[in-house]
Amino acid sequence: MQRLAIITSGGDAPGMNAAIRAIVLSCHSKHIECFGFYHGYNGLMDDEYQLLTPDMVRPITQYGGTILKSARCPQMHHDSGLEKAARTLRRHHIDALIVIGGDGSFRGMMALQSFWSGRLIGVPATIDNDLACTDSTIGFATAVTTATQAIDKIRDTANAFERVFIVEVMGRHSGHIAFNVGLATAAESILSFENCPTDNLKHVERELIEKIQTQQQNNHSSFVIVLAENLWPEGPQGLKTALFDAAKIESAVCVLGYIQRGGSPAPEDRILATELGIEAVSAAISESGVMIGKVNGTLTRSSIIRATEQNKPVDQALHSVYQQMAYF
Ligand code: ADP
């Protein structure tokens with residue numbers, strides 16, 4: 001292999017830069033030229049790239065975001081866009097493309113497979129941790145740390161005012177962030193897809209009200225609800241209104257939002273990104289259509305189809321820990 005290209009695509013995740021650095025340094029040691037295309041798949045559409053050298057990636061590990069920028073690229077959903085991306089890769093005689101991103105970016109990779117005969121490798125990076133075939137995705141540990149620190153601060157004011165707080169965390173349609181952050185912050189309630197039947201939220205609401213009322217009678221203190229985004233109709237404001245309308249419970253709402261995507265990557269993410277990046281270059285020498293992961297401490301190469309199509313449920317052990325923490 002002589003030429004390799006990389007993109008960072010979809011939602012950015014802290015640790016993407018560490019993955020870029022690992023790939024560039026690994027290419028350098030193997031005498032492979034490394035092309036960095038900008039703005040996700042848009043860089044392939046617009047032929048916007050830079051040859052990446054070790055000097056360019058030396059000081060980036062500690063920064064969130066991505067030096068290659070990231071973006072959505074609607075053109076990838078059409079044959080004409082896929083053909084355009086393939087043409088760029090052919091023009092530069094690229095042997096392999098490494099995509100650092102989430103499941104959407106990997107679907108883009110699979111679509112590109114029909115138009116380009118080069119090798120395609122995925123490196124899982126998304127704060128949501130919603131990809132199978134890896135215990136953790138790059139960015140997840142940082143997002144959990146950031147949200148935990150934020151809720152610790154919210155807890156201080158919640159305690160001072162003996163208040164109910166509804167804190168919405170990210171996760172798209174999975175509860176990895178909600179469960180991990182809920183447990184880390186000793187949240188009185190975690191509301192997520194895994195423990196709330198979306199067709200019976202009235203029942204969830206009744207249980208929650210009972211829990212809040214019991215707690216308020218027993219000890220006048222704060223009550224933190226960690227709510228997964230996209231779960232409750234009308235979001236946290238909808239839940240706030242429901243609590244007030246049904247039981248005159250006052251609550252404050254805090255949407256953590258994009259702070260969970262940014263910030264200096266946690267050491268776990270930097271290390272994971274470095275390991276996955278190096279393994280991705282090794283895989284790119286002979287394999288295609290695989291995602292690099294780490295399962296039970298071992299680096300793995302799994303079919304990209306399995307990684308995107310399988311569900312990765314929140315660990316059952318976390319559910320049962322949460323159940324056992326209910327003491328009201
Ligand atoms: P993430 O990788 O974080 O899940 P997105 O879902 O936004 O982010 O996907 C990133 C990009 O991947 C999209 O903007 C698009 O260019 C490409 N992509 C996603 N799904 C497909 C698909 N089914 N076919 C082709 N390209 C896709």
Side-chain angles (χ1 to χ4, degrees), residues 5-17 19-20 36-49 64-66 68-89 97-116 118 120-134 136-143 169-177 193 228-230 257-258 260-262 265 269 272-273 276-277 280 288-293 302-312:
I6 47 176
I7 59 169
T8 47
S9 167
D12 58 299
M16 280 181 160
N17 281 328
I20 294 169
F37 283 87
Y38 286 94
H39 305 114
Y41 289 108
N42 294 290
L44 298 178
M45 302 300 158
D46 305 335
D47 200 13
E48 191 190 353
Y49 72 95
T66 155
L68 289 176
K69 314 293 180 186
S70 190
R72 265 84 200 191
C73 176
Q75 292 177 75
M76 284 291 285
H77 292 279
H78 305 286
D79 285 1
S80 54
L82 290 161
E83 180 48 43
K84 204 169 176 189
R87 262 204 309 275
T88 302
L89 292 164
L97 171 68
I98 297 179
V99 176
I100 305 168
D103 67 332
S105 302
F106 293 168
R107 276 179 232 286
M109 249 173 67
M110 288 191 284
L112 189 57
Q113 253 172 348
S114 314
F115 292 78
W116 183 58
L120 289 154
I121 306 290
V123 172
T126 160
I127 63 164
D128 304 328
N129 198 25
D130 57 353
L131 277 164
C133 305
T134 187
S136 190
T137 53
I138 296 166
F140 174 60
T142 308
V169 296
M170 282 182 162
R172 224 148 34 158
H173 294 285
S174 73
H176 292 280
I177 295 182
F193 300 93
E229 70 172 341
N230 297 316
Y258 284 101
Q260 293 159 96
R261 283 240 304 251
D269 281 330
L272 178 68
L276 299 188
S288 187
V290 298
M291 186 196 85
I292 310 302
S302 309
S303 137
I304 205 88
I305 300 170
R306 262 188 64 210
T308 47
E309 292 186 353
Q310 263 180 14
N311 262 342
K312 184 169 73 179

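Each ligand, and each atom within it, is numbered from 1 in the order the structure gives. Here, residue 1 is the first one in the sequence, and each next residue gets the next number. Keep in mind that this is a model prediction, so the values were computed, not measured.
Residues lining ligand 1 at a heavy-atom distance below 4.0 Å are given as Ser9, Gly10, Gly11, Tyr41, Arg72, Cys73, Met76, His77, Gly102, Asp103, Gly104, Ser105, Arg107, Gly108, Ala111, Arg172, ordered by chain and residue number.
Using bins of under 30°, 30° to 60° and over 60° for the plane-to-plane angle, the ring pair His176/Phe140 lands in the perpendicular bin.
By the 4.0 Å N-to-carboxylate-O rule, Lys312 lies too far from Asp103 to be salt-bridged with it.
With contacts defined as side-chain heavy-atom distances shorter than 4.5 Å, the pair Leu97/Phe37 does not qualify.
Interatomic distance, Thr88 OG1 to Tyr49 OH, rounded to the nearest 0.5 Å: 10.0 Å. For the atom pair CD (Gln75) and CG (Leu44), the distance works out to 10.5 Å, reported to the nearest 0.5 Å.
For the side chain to side chain contact (heavy atoms under 4.5 Å, CB included) with Ile20, the lone residue among Thr66, Ile7, Ile98 that qualifies is Thr66.
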